[in-house]
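The figures that follow rest on heavy atoms only: side chains count, while hydrogens, waters and symmetry mates do not. The model shown is predicted, which means the values in this text are computed figures rather than measured ones. Counting starts at 1 for both ligands and their atoms, following the listed order.
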Amino acid sequence: MWQDINWRDWRLLIKLDPDKRINARLLEQIVFQPVVDGVIVGGTQNITKGNTEDLVNIIRDTGYSRPLVQEISQMEAISTDVDGYLLPVVLNTANRDWFIGKHLEAVKKFGHLIDWSQILPEAYVICNPQCAAAQLTQTISPSFADLEAYFTLVEEVYRLPLFYLEYSGIYGNVEWLKGIKERRLKTHIFYGGGIKNLTQAVEMMDIADTIVLGNVVYENPNGLVQILKNLK
Ligand code: 1GP
(Lines give C-alpha, C1' and ligand atoms only; values in the text may rest on other atoms or scores of the structure.)
Protein backbone atom coordinates (compact mmCIF):
# COMPACT_ATOMS: atom_id res chain seq x y z
CA MET A 1 0.00 0.00 0.00
CA TRP A 2 2.47 2.61 1.19
CA GLN A 3 4.45 2.85 -2.04
CA ASP A 4 1.24 3.22 -4.05
CA ILE A 5 -0.15 6.25 -2.27
CA ASN A 6 1.06 9.75 -1.48
CA TRP A 7 0.88 9.37 2.28
CA ARG A 8 3.31 12.27 2.65
CA ASP A 9 0.54 14.53 1.38
CA TRP A 10 -1.75 13.62 4.24
CA ARG A 11 -2.62 16.65 6.34
CA LEU A 12 -5.18 15.29 8.76
CA LEU A 13 -5.96 11.87 10.14
CA ILE A 14 -8.67 10.63 12.44
CA LYS A 15 -7.62 8.00 14.99
CA LEU A 16 -10.37 5.69 16.20
CA ASP A 17 -10.02 3.54 19.28
CA PRO A 18 -11.44 -0.01 19.15
CA ASP A 19 -12.10 0.23 22.89
CA LYS A 20 -14.53 3.13 22.45
CA ARG A 21 -18.05 3.17 21.09
CA ILE A 22 -18.92 5.23 18.08
CA ASN A 23 -22.23 6.07 16.47
CA ALA A 24 -22.11 5.03 12.81
CA ARG A 25 -24.02 8.11 11.60
CA LEU A 26 -21.71 10.51 13.41
CA LEU A 27 -18.72 8.56 12.17
CA GLU A 28 -19.93 9.02 8.60
CA GLN A 29 -20.20 12.76 9.09
CA ILE A 30 -16.62 12.84 10.32
CA VAL A 31 -14.75 10.54 7.96
CA PHE A 32 -16.48 11.80 4.82
CA GLN A 33 -15.26 15.36 5.34
CA PRO A 34 -12.90 16.20 2.46
CA VAL A 35 -10.16 17.36 4.83
CA VAL A 36 -9.84 13.88 6.34
CA ASP A 37 -7.05 12.12 4.47
CA GLY A 38 -7.22 8.83 6.28
CA VAL A 39 -8.39 6.89 9.29
CA ILE A 40 -6.17 5.10 11.77
CA VAL A 41 -7.54 2.32 13.93
CA GLY A 42 -5.53 1.96 17.09
CA GLY A 43 -5.38 2.36 20.83
CA THR A 44 -3.58 1.27 23.94
CA GLN A 45 -6.07 -0.25 26.37
CA ASN A 46 -8.21 -3.35 25.90
CA ILE A 47 -7.40 -3.79 22.24
CA THR A 48 -8.63 -7.17 21.06
CA LYS A 49 -9.13 -8.87 17.74
CA GLY A 50 -12.90 -8.69 18.37
CA ASN A 51 -13.24 -4.97 19.08
CA THR A 52 -10.74 -4.14 16.32
CA GLU A 53 -12.72 -6.13 13.75
CA ASP A 54 -15.99 -4.61 14.95
CA LEU A 55 -14.60 -1.11 14.48
CA VAL A 56 -13.13 -1.88 11.06
CA ASN A 57 -16.50 -3.30 10.01
CA ILE A 58 -18.36 -0.20 11.22
CA ILE A 59 -15.98 2.00 9.23
CA ARG A 60 -16.21 -0.17 6.10
CA ASP A 61 -20.01 -0.28 6.39
CA THR A 62 -20.18 3.50 6.09
CA GLY A 63 -18.79 3.13 2.57
CA TYR A 64 -15.62 4.96 3.55
CA SER A 65 -13.08 4.31 0.80
CA ARG A 66 -10.03 6.43 1.56
CA PRO A 67 -7.03 4.94 3.40
CA LEU A 68 -7.83 2.90 6.47
CA VAL A 69 -4.75 1.80 8.39
CA GLN A 70 -4.13 0.05 11.66
CA GLU A 71 -1.59 1.23 14.18
CA ILE A 72 -0.38 -2.01 15.66
CA SER A 73 -0.27 -2.25 19.43
CA GLN A 74 -1.26 -5.90 19.92
CA MET A 75 -0.04 -8.62 17.66
CA GLU A 76 -3.16 -10.66 18.41
CA ALA A 77 -5.45 -7.87 17.20
CA ILE A 78 -4.15 -7.43 13.69
CA SER A 79 -6.95 -6.87 11.19
CA THR A 80 -6.75 -8.28 7.69
CA ASP A 81 -9.34 -5.81 6.40
CA VAL A 82 -7.24 -2.63 6.53
CA ASP A 83 -5.17 -1.12 3.74
CA GLY A 84 -1.88 -0.99 5.62
CA TYR A 85 -0.18 -0.84 8.99
CA LEU A 86 1.69 1.72 11.05
CA LEU A 87 4.23 0.14 13.34
CA PRO A 88 5.24 2.23 16.36
CA VAL A 89 8.87 2.20 17.44
CA VAL A 90 8.86 4.00 20.78
CA LEU A 91 12.16 5.83 21.08
CA ASN A 92 11.74 7.11 24.63
CA THR A 93 10.61 3.87 26.24
CA ALA A 94 12.47 2.39 29.18
CA ASN A 95 11.26 -1.06 28.16
CA ARG A 96 12.99 -2.78 25.27
CA ASP A 97 9.72 -4.51 24.32
CA TRP A 98 8.29 -1.31 22.86
CA PHE A 99 11.40 -0.40 20.93
CA ILE A 100 12.20 -3.75 19.36
CA GLY A 101 11.20 -6.69 21.58
CA LYS A 102 7.66 -7.11 20.28
CA HIS A 103 8.75 -6.65 16.69
CA LEU A 104 11.32 -9.38 17.13
CA GLU A 105 8.69 -11.72 18.53
CA ALA A 106 6.32 -10.94 15.65
CA VAL A 107 8.94 -11.56 13.00
CA LYS A 108 9.90 -14.88 14.56
CA LYS A 109 6.29 -16.02 14.73
CA PHE A 110 4.77 -14.50 11.61
CA GLY A 111 7.67 -13.23 9.51
CA HIS A 112 6.98 -15.72 6.75
CA LEU A 113 3.42 -14.40 6.43
CA ILE A 114 4.13 -10.67 6.52
CA ASP A 115 3.90 -8.52 3.42
CA TRP A 116 6.56 -5.99 4.34
CA SER A 117 5.33 -3.43 1.84
CA GLN A 118 2.20 -3.07 3.99
CA ILE A 119 4.15 -1.76 6.97
CA LEU A 120 5.30 1.78 7.65
CA PRO A 121 7.38 2.26 10.80
CA GLU A 122 6.71 5.30 13.00
CA ALA A 123 9.38 6.66 15.30
CA TYR A 124 7.37 7.66 18.37
CA VAL A 125 8.31 10.08 21.10
CA ILE A 126 5.61 10.22 23.77
CA CYS A 127 5.62 13.52 25.64
CA ASN A 128 2.59 13.21 27.90
CA PRO A 129 3.78 11.00 30.79
CA GLN A 130 0.17 10.59 32.02
CA CYS A 131 -1.26 9.07 28.85
CA ALA A 132 -2.02 5.37 28.60
CA ALA A 133 0.64 4.79 25.95
CA ALA A 134 3.29 6.41 28.16
CA GLN A 135 2.27 4.33 31.15
CA LEU A 136 2.26 1.11 29.15
CA THR A 137 5.59 1.71 27.46
CA GLN A 138 7.20 3.28 30.55
CA THR A 139 8.42 6.33 28.74
CA ILE A 140 11.25 8.52 29.89
CA SER A 141 10.05 12.12 29.58
CA PRO A 142 12.28 13.93 27.13
CA SER A 143 13.80 17.38 27.51
CA PHE A 144 13.85 19.48 24.36
CA ALA A 145 17.51 18.52 23.89
CA ASP A 146 16.48 14.85 24.06
CA LEU A 147 13.73 15.44 21.54
CA GLU A 148 16.17 17.08 19.13
CA ALA A 149 18.58 14.19 19.55
CA TYR A 150 15.84 11.59 18.98
CA PHE A 151 14.83 13.44 15.86
CA THR A 152 18.41 13.58 14.57
CA LEU A 153 18.81 9.85 15.19
CA VAL A 154 15.65 9.18 13.22
CA GLU A 155 16.80 11.38 10.34
CA GLU A 156 20.43 10.45 10.17
CA VAL A 157 20.90 7.03 11.71
CA TYR A 158 17.71 4.97 11.77
CA ARG A 159 16.40 6.76 8.67
CA LEU A 160 12.80 6.06 9.50
CA PRO A 161 10.33 7.84 7.22
CA LEU A 162 8.00 9.09 9.92
CA PHE A 163 8.36 10.80 13.29
CA TYR A 164 5.32 10.95 15.56
CA LEU A 165 5.31 13.59 18.28
CA GLU A 166 2.70 12.17 20.63
CA TYR A 167 0.96 14.16 23.36
CA SER A 168 -2.14 11.98 23.47
CA GLY A 169 -4.76 13.63 25.68
CA ILE A 170 -3.07 17.02 26.14
CA TYR A 171 -2.22 19.87 23.81
CA GLY A 172 1.48 19.78 23.09
CA ASN A 173 4.34 22.20 23.21
CA VAL A 174 4.13 24.27 20.04
CA GLU A 175 7.73 25.49 20.39
CA TRP A 176 9.01 21.91 20.59
CA LEU A 177 7.13 20.95 17.46
CA LYS A 178 8.47 24.06 15.69
CA GLY A 179 11.95 23.22 16.93
CA ILE A 180 12.03 19.82 15.31
CA LYS A 181 10.30 21.03 12.18
CA GLU A 182 13.07 23.60 11.71
CA ARG A 183 15.65 20.82 11.85
CA ARG A 184 13.76 18.56 9.53
CA LEU A 185 15.54 17.42 6.39
CA LYS A 186 13.40 14.57 5.12
CA THR A 187 11.44 12.90 7.91
CA HIS A 188 7.68 13.35 7.80
CA ILE A 189 6.23 14.68 11.07
CA PHE A 190 2.95 13.57 12.64
CA TYR A 191 1.62 15.55 15.60
CA GLY A 192 -1.11 14.17 17.84
CA GLY A 193 -2.55 15.29 21.15
CA GLY A 194 -5.29 17.40 22.64
CA ILE A 195 -6.60 19.12 19.53
CA LYS A 196 -10.12 20.17 20.49
CA ASN A 197 -10.90 23.30 18.50
CA LEU A 198 -10.27 24.99 15.17
CA THR A 199 -7.56 27.31 16.48
CA GLN A 200 -5.53 24.41 17.82
CA ALA A 201 -6.03 22.36 14.66
CA VAL A 202 -4.85 25.26 12.50
CA GLU A 203 -1.89 26.00 14.77
CA MET A 204 -0.56 22.44 14.74
CA MET A 205 -1.40 21.86 11.08
CA ASP A 206 0.70 24.89 10.15
CA ILE A 207 3.75 23.27 11.72
CA ALA A 208 3.35 19.49 11.52
CA ASP A 209 3.09 17.73 8.18
CA THR A 210 0.10 15.77 9.44
CA ILE A 211 -2.10 16.15 12.51
CA VAL A 212 -3.91 13.28 14.21
CA LEU A 213 -7.21 13.82 16.04
CA GLY A 214 -8.38 11.20 18.49
CA ASN A 215 -10.22 11.99 21.71
CA VAL A 216 -12.26 14.82 20.22
CA VAL A 217 -14.06 12.23 18.07
CA TYR A 218 -15.60 10.83 21.25
CA GLU A 219 -15.74 13.92 23.43
CA ASN A 220 -17.28 16.32 20.94
CA PRO A 221 -18.17 14.68 17.61
CA ASN A 222 -20.47 17.47 16.48
CA GLY A 223 -17.83 20.06 17.33
CA LEU A 224 -15.32 18.01 15.37
CA VAL A 225 -17.55 18.05 12.29
CA GLN A 226 -17.55 21.85 12.49
CA ILE A 227 -13.76 21.96 12.88
CA LEU A 228 -13.33 19.72 9.84
CA LYS A 229 -15.74 21.79 7.75
CA ASN A 230 -13.78 24.93 8.56
CA LEU A 231 -10.34 23.53 7.81
CA LYS A 232 -8.98 24.06 4.36
C1 1GP B 1 -3.49 9.78 20.00
O2 1GP B 1 -2.11 11.33 18.79
C3 1GP B 1 -3.41 10.84 18.93
O4 1GP B 1 -2.64 8.72 19.70
C5 1GP B 1 -4.41 11.93 19.10
O6 1GP B 1 -4.38 12.49 20.39
O7 1GP B 1 -6.51 11.67 21.33
O8 1GP B 1 -5.37 13.68 22.31
O9 1GP B 1 -6.46 13.79 20.06
P10 1GP B 1 -5.77 12.95 21.08
Side-chain angles (χ1 to χ4, degrees), residues 7 10-22 26-27 30-31 33 35-47 51-52 55 59 67-74 77 82 85-93 98 120-139 141-142 147 150-151 162-174 176-177 180-181 187-205 207-228 231:
W7 63 268
W10 290 353
R11 300 289 289 124
L12 186 147
L13 300 171
I14 298 292
K15 192 185 280 191
L16 299 174
D17 187 339
D19 190 36
K20 294 183 181 161
R21 286 182 164 274
I22 184 108
L26 274 173
L27 181 65
I30 294 167
V31 298
Q33 293 300 325
V35 75
V36 175
D37 293 307
V39 173
I40 304 174
V41 169
T44 304
Q45 289 163 315
N46 309 314
I47 305 301
N51 61 19
T52 301
L55 176 58
I59 300 165
L68 172 60
V69 299
Q70 181 176 17
E71 188 171 62
I72 300 173
S73 56
Q74 289 288 335
V82 292
Y85 304 93
L86 291 164
L87 186 69
V89 178
V90 183
L91 302 183
N92 63 326
T93 174
W98 302 101
L120 191 71
E122 308 171 296
Y124 247 83
V125 174
I126 305 175
C127 294
N128 172 10
Q130 310 305 329
C131 74
Q135 304 279 323
L136 177 71
T137 63
Q138 301 158 44
T139 55
S141 288
L147 182 65
Y150 283 129
F151 192 70
L162 173 53
F163 186 90
Y164 194 137
L165 185 65
E166 173 69 285
Y167 276 90
S168 182
I170 60 167
Y171 193 64
N173 186 322
V174 176
W176 284 24
L177 179 57
I180 57 165
K181 177 70 182 296
T187 308
H188 190 91
I189 300 173
F190 275 17
Y191 168 81
I195 295 176
K196 293 190 192 314
N197 59 48
L198 184 63
T199 310
Q200 292 173 331
V202 168
E203 181 169 53
M204 289 308 191
M205 219 172 174
I207 312 167
D209 297 307
T210 307
I211 59 169
V212 183
L213 280 70
N215 282 311
V216 67
V217 173
Y218 303 94
E219 290 168 4
N220 185 10
N222 293 309
L224 174 58
V225 172
Q226 293 313 313
I227 296 172
L228 298 174
L231 280 171

Give the intermediate values and the outcome of side-chain contact (heavy atoms from CB on, under 4.5 Å) for residues Val35 and Arg11. CA-CA 8 Å; Val35 75; Arg11 300 289 289 124; 5.8 Å; no

Heavy-atom donor-acceptor pair, Gln70 side chain to Ala77 backbone, under 3.5 Å: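 At least one qualifying donor-acceptor pair exists.
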
Can you sort out which atoms of ligand 1 are near [X], meaning under 4.0 Å from one of its heavy atoms?
X	value
Asn215	7 (O), 8 (O), 9 (O), 10 (P)
Gly169	8 (O), 10 (P)
Ser168	1 (C), 6 (O), 8 (O)
Lys15	1 (C), 4 (O)
Gly194	8 (O), 9 (O), 10 (P)

Considering heavy atoms of the protein only, find what lies nearest to atom 9 (O) of ligand 1 and give residue, atom and distance to 0.1 Å.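 That would be Gly214 N, 2.9 Å.
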
Are Leu165 and Leu147 close enough, and set up right, to give a side-chain contact (heavy atoms from CB on, under 4.5 Å), and what steps lead you there? CA-CA 9 Å; Leu165 185 65; Leu147 182 65; 3.7 Å; yes

Please classify the Tyr164 to ligand 1 contact at 4.0 Å (heavy-atom distances, strictly less than): side chain, backbone, both or neither. side chain

Can you check which of Gln200, Glu166, Lys196 brings a heavy atom nearest to atom 1 (C) of ligand 1?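 Answer by nearest heavy atom: Glu166.
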
For Tyr164 and Tyr124, take the angle between the two ring planes, folded into 0 to 90°, and tell me which bin it lands in: parallel under 30, tilted 30 to 60, perpendicular over 60. parallel

Sub-4.0 Å heavy-atom contact, Val212 with ligand 1: yes

What's the separation between atom CG in Asn92 and atom OG1 in Thr137, rounded to the nearest 0.5 Å?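 Between Asn92 CG and Thr137 OG1, I get 6.5 Å after rounding to 0.5 Å.
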
Would you say the side chain of Asp17 lies within less than 4.5 Å of the side chain of Tyr218, judging by non-hydrogen atoms? yes

Test applied, side-chain hydrogen bond (donor to acceptor under 3.5 Å, both in side chains); reference residue, Tyr171; option that passes from Glu203, Gln200, Lys196: Glu203

